[in-house]
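Okay, structure first, notes after.
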Amino acid sequence: MFTPTPLNLRTPVPSDIEIAQEATLKPIAQIAEELGLLPEELELYGNYKAKVNLAVRDRLADRPNGKYIDVTAITPTPLGEGKTTTTVGLSQALGAHLGQKVITCIRQPSQGPTFGIKGGAAGGGYSQIIPMEDFNLHLTGDIHAISVANNLLAAALDTRIFHETRQKDAALFRRLCPTAKDGSRKFSPVMLKRLKKLGIDKTDPNNLTEAEISKFVRLDIDTDTITWRRVVDINDRYLRSITVGQGPKEMGITRETGFDITVASEIMAILALTTSLADMRERLGNMVVAQSKAGDAVTADDLGVGGALTVLMKDAIKPNLMQTLEGTPAFVHAGPFANIAHGNSSIIADQIALKLVGPDGYVLTESGFGADIGMEKFFDIKCRYSGLIPDAVVLVATIRALKMHGGGPTVRAGQPLDPAYTEENLELLEKGAVNMVVHIKNALRFGIPVVVAINRFTDDTDAEVELLRKIAIEAGAEDAVMSNHWTEGGKGSVELGKAVMAACEKLSDFKFLYPLDISIKEKIEIIAKKIYGADGVEYSEKAEEQIADYERLGFDKLPMCMAKTHLSLSHDAALKGAPTGFIVPIREIRASVGAGFLYPLVGQMSTMPGLPTRPVFYDVDLDLETGKVIGLF
């Protein structure tokens, strides 16, 4: 039986970390028991967080799924519009106030934003995931596992180039398949996979011909085609472009490369999109890191490292169980960015959650940034691989952001808001509401009912809320409801919860935006024109060459994961509202074959953020008397 945790609401609302540290936490074993998890399906990480074994999904395989709801948003300001806060508030409303069985599924945040500008991602006010310090920092180590796995692959790649440059075929083969003390030699399992790929039907190293040995040991990597980069989970602009191999023992074998932020790693995308341990092993082995000089794809399994990567990721595949301030359960699992990756939490967490809540329950899963990015990828990538069909979309909107889209002054993190945002301005709001209308219509393209959640800020007026509600319903939303969850927790989202429950009972007609059997360019242009509102797409010479390569290699049937700014429907962050008449520039297209998508880089999109002049880390410290973290938000 679920027991809600009562809130101690205070006015004015204290800081997020103060609320989180004052909160009453249930033991995570109690959260698990209330969900119906068995003790053996739980792996405890202290008293307040745990991993959940995938075996629960098999145990509940015959139980019908619950209702599946994607929470997305309008195009945000740099401050964010409270999408996670709304997701958590809605969960608390459904579970603690409306008596529904509910699970929230959200991403684990990167430490880049946590110590950069944005801060943490546990929600805010009286709608948070707790313990928020654990949530925003290391949690159970999944992101660290991804970093190590990613960089092991990078090390294997550079090492293989080094050794192939300095050794002849026989020496390479002798070292790759050494003779044991008893005189025997054998291939490792991953080597047998490579032999099969090469069409060599032999399992005894002693039986290979000289030609077969050469074919087996020589990856012959074309260093100009290498796409695999190292990662670290902090914002570090000085690692965007580096040269490796400058030590004296590397014999002058250098190359230019760089670092991405960990959450942009293909391994993070695989964690979010995999459906089982066996599927993850296959995906990790299939990751393409480069091409050979003959134009063949070189994979992690070709480098012999696919199995080792799976070992490093074997615990990370299990979702992390936490709780909200009002004691409702939350799965925190995977954390790909939405602007430079596909921006959704894991399929596995959603699958387990849908079984645990059962046919009368609700699962809220959050997509990153605006609906043009996270929601589109949720439908066209995540749902395509999971086979799950959502029942409703919740579109989070703020009056502040829509005023900006109507021509309001620039909103900058760390600076006071202009009076345009703190005083009633119906004209500015109505003009900017075109951005919300585009997102509503984009969600409806997929055949799913939409509810707009108006995330209320202190200065919003009743007249502004009512105007926004009217515009949203006229645009096709089932309902538009003001939610005051930041101030009141789940109590402030009860009406939103009722609207979402009603929308889940509506008939839906889910469909993908595009089929997979059309060309790469056709898929890109459908997204650009239908979702962004572009007039067309232009491709750099490099992108044209990559498209030709991917078509030759058979990667053209994968879905697209557009890497673009989250601050505009277009490729240009300065274009607000619902811009038209623009051309989307595709600078480069990278292949995440293991994850199962191609990702075109739109404009000057970077995969390694930089730190601002005044990062958040200035405020973060440890209270040495109490041992509590201070300054996180």
Side-chain angles (χ1 to χ4, degrees), residues 110-112 115 141 143-178 188 190-191 194 213-214 216-268 284-285 287-294 296-313 542 588 590-592 594 606-611:
S110 163
Q111 291 179 141
F115 291 110
I143 290 181
H144 299 306
I146 292 164
S147 297
V148 172
N150 184 102
N151 295 340
L152 176 61
L153 178 52
L157 172 63
D158 283 319
T159 294
R160 187 57 174 262
I161 293 168
F162 174 79
H163 288 303
E164 284 194 26
T165 302
R166 300 185 64 249
Q167 298 180 53
K168 296 185 181 299
D169 292 351
L172 278 170
F173 190 56
R174 189 169 61 251
R175 289 177 171 87
L176 287 169
C177 299
S188 66
V190 74
M191 290 178 176
R194 174 159 171 77
I213 288 172
S214 181
F216 171 72
V217 301
R218 291 281 164 198
L219 298 183
D220 202 23
I221 292 165
D222 180 351
T223 56
D224 289 337
T225 68
I226 293 173
T227 55
W228 198 259
R229 292 157 60 93
R230 288 167 172 82
V231 298
V232 63
D233 196 45
I234 54 172
N235 294 355
D236 192 342
R237 66 179 70 246
Y238 274 84
L239 291 179
R240 288 170 178 166
S241 183
I242 64 170
T243 302
V244 295
Q246 293 187 316
K249 293 187 176 181
E250 280 61 64
M251 315 292 288
I253 303 172
T254 64
R255 68 181 183 89
E256 291 184 4
T257 179
F259 274 71
D260 294 332
I261 194 162
T262 298
V263 290
S265 170
E266 182 175 355
I267 297 176
M268 175 61 88
L284 290 170
M287 292 187 298
V288 174
V289 298
Q291 293 179 38
S292 70
K293 290 172 183 173
D296 298 322
V298 177
T299 68
D301 270 348
D302 288 327
L303 287 163
V305 75
L309 301 182
T310 309
V311 169
L312 288 170
M313 294 294 295
K542 182 176 185 178
E588 182 182 347
R590 298 181 185 174
S592 291
S606 173
T607 50
M608 169 56 86
L611 287 169

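Only heavy atoms go into these numbers, but all of them, side chains included; no hydrogens, no water, no symmetry mates.
- Using a 4.5 Å heavy-atom threshold, the side chains of L303 and L153 count as touching.
- Here the straight-line distance linking atom CZ of R590 with atom CD of E266 works out to 11.5 Å at 0.5 Å rounding.
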Checklist entry - Yes or no on side chain to side chain donor-acceptor pair (under 3.5 Å) for S110 and D233, after CA distance, side-chain angles and deciding distance? => result CA-CA 6 Å; S110 163; D233 196 45; 2.8 Å; yes

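- Here the closest non-hydrogen pair linking I242 and F259 is CD1-CE1, 3.7 Å.
- Counting all heavy atoms, side chain and backbone alike, V298 lies closest to S292 at CG2-N, 3.7 Å.
- Partner R230 forms a side chain to side chain contact (heavy atoms under 4.5 Å, CB included) with one of D260, L239, N151 and no other, that one being N151.
- The shortest side-chain heavy-atom distance between L176 and M191 falls under the 4.5 Å cut-off.
- Taking 4.0 Å as the cut-off between side-chain N and carboxylate O, R194 and D302 count as a salt-bridged pair.
- Note that CG of L309 is 5.5 Å distant from CG of L284, once rounded to the nearest 0.5 Å.
- Within the 4.5 Å cutoff, no side-chain heavy atoms of M268 are placed close to those of N150.
- Between K293 and the options D220, T223, I221, a side chain to side chain contact (heavy atoms under 4.5 Å, CB included) holds for only D220.
- N235 and G610 make their closest contact through ND2-O, 3.7 Å (heavy atoms, listed as atom of the first residue, atom of the second, distance).
- Distance check: D236 CG to M608 CE gives 6.0 Å after rounding to the nearest 0.5 Å.
- Residues in residues 239-257 take part in these side-chain hydrogen bond (donor to acceptor under 3.5 Å, both in side chains) pairs, two or more places apart or across chains: D158-R255.
- You'll find the side chain of R175 stays beyond 4.5 Å of the side chain of H163, heavy atoms only.
- Expressed to the nearest 0.5 Å, how far NZ of K168 lies from CD1 of I213 amounts to 14.5 Å.
- Rounding to the nearest 0.5 Å gives a distance of 4.5 Å between OG of S265 and CH2 of W228.
- If you take CG on L157 and CZ on R229, they are separated by 13.0 Å, rounding to the nearest 0.5 Å.
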Checklist entry - Step by step, would you call I161 with I226 a side-chain contact (heavy atoms from CB on, under 4.5 Å)? => result CA-CA 11 Å; I161 293 168; I226 293 173; 3.7 Å; yes

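- Among all heavy-atom pairs drawn from S147 and T262, the shortest one is OG-OG1, 2.8 Å.
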